[in-house]
Protein chains: 2
Amino acid sequence: MTDVALDPDRSVGTLYRKVAADLREAITSGSYGEAGRLPAEGALAERYGVSRGTVRQALAVLRADGLVTSRRGTRRVVLGNARVQSFSELLSFTHWARSMGEEPGGRLESLLRRPADAAEREQLRLEPGAEVYVTLRLRTLSGTPVMVERTVYPSWVGELVAQLPADVVSHTEPLREHGILFTDADHTIDVVAANADDARLLGCRRGSPLLRERRRTTDPTGIPVEWSQDRYLPGTVAFSIHNSLASSALSRHAREGD
Amino acid sequence: MTDVALDPDRSVGTLYRKVAADLREAITSGSYGEAGRLPAEGALAERYGVSRGTVRQALAVLRADGLVTSRRGTRRVVLGNARVQSFSELLSFTHWARSMGEEPGGRLESLLRRPADAAEREQLRLEPGAEVYVTLRLRTLSGTPVMVERTVYPSWVGELVAQLPADVVSHTEPLREHGILFTDADHTIDVVAANADDARLLGCRRGSPLLRERRRTTDPTGIPVEWSQDRYLPGTVAFSIHNSLASSALSRHAREGD
DNA sequence: TAGTGGTCTAGACCACCGT
DNA sequence: CGGTGGTCTAGACCACTAG
């Protein structure tokens with residue numbers, strides 16, 4: 001068999017993404033079974049009319065999403081067939097909400113401009129005396145409050161944010177149109193007690209536990225574009241991670257000591 | 001300049017890992033500055049005496065760890081120079097603790113064997129009537145209680161766990177020597193209230209918030225080997241994740257009814 | 001032993017960035 | 001425009017798995 005027709009509209013333009021999308025659909029539709037085996041790389045290369053390298057690139061995508069394993073000597077095994085699509089969801093509350101079929105909402109509670117404190121200068125790599133914009137927003141899903149978002153922007157970003165309507169749903173989308181890209185992020189997740197503002201906005205008691213996500217986002221050049229702290233009502237959200245030893249074991253594997 | 005000497009003991013045997021390790025050291029030691037630029041792929045290939053493909057493989061490693069960005073048309077930018085080892089930590093409390101310079105400890109509180117309930121059969125893909133081993137362990141860092149771990153093992157794994165000493169620090173290490181590998185894991189992180197056992201073991205009040213990590217781990221063939229639920233005292237740990245638009249391992253999803 | 005994925009090479013063309 | 005990273009090809013050898 002040669003050259004399966006690849007939907008030209010599928011995903012973005014590159015070949016390996018098209019192959020990955022096609023394989024993903026085959027897997028999630030159950031074509032290979034729940035714990036079944038994928039065809040060999042060479043067979044897939046022939047089927048799609050591409051080189052083995054391109055097939056491997058496509059399979060790397062599926063593996064990063066936790067769809068398949070890979071081991072030397074054996075065909076790849078299907079891990080699951082109902083995984084969430086990952087990626088940009090995490091970088092944007094709006095995208096995440098919509099992908100779940102929920103209607104995201106946002107209301108700006110306050111916005112102010114002031115000099116950055118030491119921690120903010122550290123996180124955003126600002127010079128002493130630099131100013132930042134600080135926003136406080138209540139985020140909703142289908143009208144229900146779920147999260148309080150405190151974001152600190154460097155002034156060159158904040159100036160644009162300040163011009164957005166108070167009820168704009170997405171911040172990242174209009175910023176992207178101004179050439180400001182959110183591409184890399186560091187996240188820290190822990191628990192924190194609700195303060196007075198949290199309690200008022202979310203309708204919970206002071207001191208009740210909230211799931212906190214702190215996030216520093218940079219653009220492709222490594223320049224920080226936001227430092228945000230989101231506090232979620234328990235039960236409204238959970239963070240999900242997939243990881244694989246094989247793919248990232250490249251770190252140190254010393255036998256002991258460290 | 002040609003062929004920089006690569007430490008033959010560095011990391012594991014493959015070329016790209018050696019290159020990655022060498023570059024990581026150069027970056028973390030500040031050779032390229034905080035937001036500096038890396039040499040071009042071609043230059044690195046020449047320097048190390050390898051092909052450009054191998055250099056790209058090495059750089060993919062550093063990028064997955066959040067050390068560098070990459071953009072078409074521009075040299076790679078150094079993002080940070082002091083990042084913690086991220087991914088594999090999630091697979092093992094012991095490794096994570098040691099990587100932080102803390103001394104991990106564990107005490108087995110209870111171990112029992114019983115028929116799996118519906119949820120456990122679902123998670124571990126067991127047949128009706130199958131039995132599981134359930135453990136309850138208190139985990140400590142340098143002697144201080146930080147986490148309660150409830151793990152469900154399929155019987156073929158549990159039989160081995162049951163033979164381990166009650167105070168063994170790591171479970172995954174002795175299991176690996178029996179050929180049981182923990183390679184892929186799905187994690188879900190949220191908040192939960194402490195129950196009576198949690199409160200007693202961790203020394204907190206009933207109902208006080210705990211950070212919960214649920215984890216299902218599989219071996220390379222996709223067979224589930226454990227289903228675990230860890231409850232951390234607030235302030236003792238935070239989960240840290242790095243992701244970029246191009247390749248991500250983290251996603252967020254609505255909380256389902258357990 | 002045959003088949004598989006992991007690694008590596010040496011080229012090629014293109015899209016994009018900055019000058 | 002030249003330099004860069006992103007993609008893709010066509011081969012090669014090896015380490016490992018399984019029958």
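Note on naming: letters A, B, ... go to the chains in the order of the sequence lines (proteins, then strands), and numbering restarts at 1 for each one.
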message: Using heavy-atom distances to pick each residue's nearest nucleotide on DNA chain C, tell me which of B:Thr54 and A:Gly42 is more 5'.
response: A:Gly42

task: Please round to 10 degrees the angle between the axis of the first five pairs and the axis of the last five pairs in the helix from C:dT1-D:dA18 to C:dG18-D:dC1.
output: 20°

May I have the distance from [X] (atom [atom1]) to [N] (atom [atom2]), rounded to whole angstrom?
X	N	atom1	atom2	answer
A:Glu41	D:dC16	CD	C1'	14 Å
A:Arg72	D:dT17	CZ	C1'	11 Å
B:Arg63	D:dT4	CZ	P	18 Å
B:Leu181	D:dC16	CG	P	13 Å
B:Leu15	D:dA15	CG	P	13 Å

- request: Could you tell me from which nucleotide to which nucleotide of DNA chain C, 5' to 3', there is an atom under 4.0 Å from chain B heavy atoms?
  value: C:dT7 to C:dG18

- prompt: Just checking, is any N or O donor in the side chain of A:Thr151 or A:Glu226 under 3.5 Å from an acceptor N or O on the other one?
  reply: no

Exercise: do B:Thr188 and B:Asp186 side chains pair donor with acceptor under 3.5 Å: no

Check whether any side-chain heavy atom of [X] sits under 4.5 Å from a side-chain heavy atom of [Y], and report yes or no.
X	Y	value
B:Thr172	B:Phe93	no
A:Gln229	A:Arg215	no
A:Thr69	B:Thr183	no

query: For B:Thr221 and B:Ser70, take the nucleotide of DNA chain D holding the closest heavy atom to each; which residue's nucleotide lies nearer the 5' end?
result: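 So the residue in question is B:Ser70.
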
task: Could you say whether A:Arg52 or B:Gly73 is positioned toward the 5' end of DNA chain D, judged by the nucleotide with the nearest heavy atom to each?
output: B:Gly73

query: Contact class for B:Arg71 (heavy atom, under 4.0 Å): base, sugar-phosphate, or nothing?
result: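 If one applies the 4.0 Å heavy-atom cut-off, B:Arg71 turns out to touch the sugar-phosphate alone, with no base involved.
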
message: salt bridge (charged side-chain N to carboxylate O under 4.0 Å, His left out) for A:Glu127 and A:Arg121? Distances and angles first, verdict last.
response: CA-CA 7 Å; A:Glu127 300 298 321; A:Arg121 287 200 306 272; over 6 Å; no

message: For A:Glu41, run the salt bridge (Lys or Arg N to Asp or Glu O under 4.0 Å) check against A:Arg47, A:Arg52, A:Arg75 and tell me which one passes.
response: A:Arg52

query: Where do B:Ala26 and B:Tyr32 come nearest, in terms of heavy atoms and distance?
result: CB-CE1, 3.8 Å

- prompt: Could you state the interatomic distance from CG (B:Asp230) to CD (B:Glu213), rounded to the nearest 0.5 Å?
  reply: 5.0 Å

